[in-house]
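Data first, discussion second: the structure below is written as structure tokens.
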Amino acid sequence: MEGDLMDKIKTVEDFKKFLNNNRDKLLDLAVNIKDLPPDDEWIQDDEWDKVYKNEVITNGKV
């Protein structure tokens with residue numbers, strides 16, 4: 001995948017481009033949430049909910 005992501009990804013649009021450009025690589029590395037136990041720490045973390053809500057408020061969509 002591309003190096004120095006923090007230097008390149010500044011906006012949600014940049015992130016969408018990154019996802020589009022690296023879709024196959026990401027899918028190879030992805031873990032299906034159904035394969036994680038219900039008490040997994042990552043599932044319990046609500047940080048992504050905050051990011052999602054902020055993006056909807058800021059841009060009206062994700």
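FYI, side chains are in, hydrogens and waters are out, and symmetry mates aren't considered; it's all heavy atoms of this structure. What you are looking at is a predicted structure, and each value in this text was computed from that prediction instead of being measured.
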*Report the distance from atom CG of Asp35 to atom CG of Asp40, rounding to the nearest 0.5 Å.*
11.0 Å
_Those residues that, when tested against Lys34, pass side chain to side chain contact (heavy atoms under 4.5 Å, CB included) (two or more places apart)_ = Asn32
*Glu13: side chain to side chain contact (heavy atoms under 4.5 Å, CB included) partners, not counting sequence neighbours*: Thr11, Lys16, Lys17
_Measuring from atom CG of Leu27 to atom CG of Leu19, what distance do you get when rounded to the nearest 0.5 angstrom?_
10.0 Å
*What is the minimum heavy-atom distance between Lys8 and Asp14, and which atoms define it?*
O-OD2, 3.3 Å
_Show, in sequence, the C-alpha distance, side-chain angles and deciding distance for Leu26 and Phe18, and conclude whether the side-chain contact (heavy atoms from CB on, under 4.5 Å) test is met._
CA-CA 10 Å; Leu26 291 166; Phe18 167 79; 4.1 Å; yes
*With sequence neighbours left out, write down each residue that passes side chain to side chain donor-acceptor pair (under 3.5 Å) with Asp28, or none if nothing qualifies.*
none
*Partner set under side chain to side chain contact (heavy atoms under 4.5 Å, CB included) for Pro38, not counting sequence neighbours*: none
*Which residues pass the side chain to side chain contact (heavy atoms under 4.5 Å, CB included) test with Asp46, sequence neighbours left out?*
Asp49, Lys50
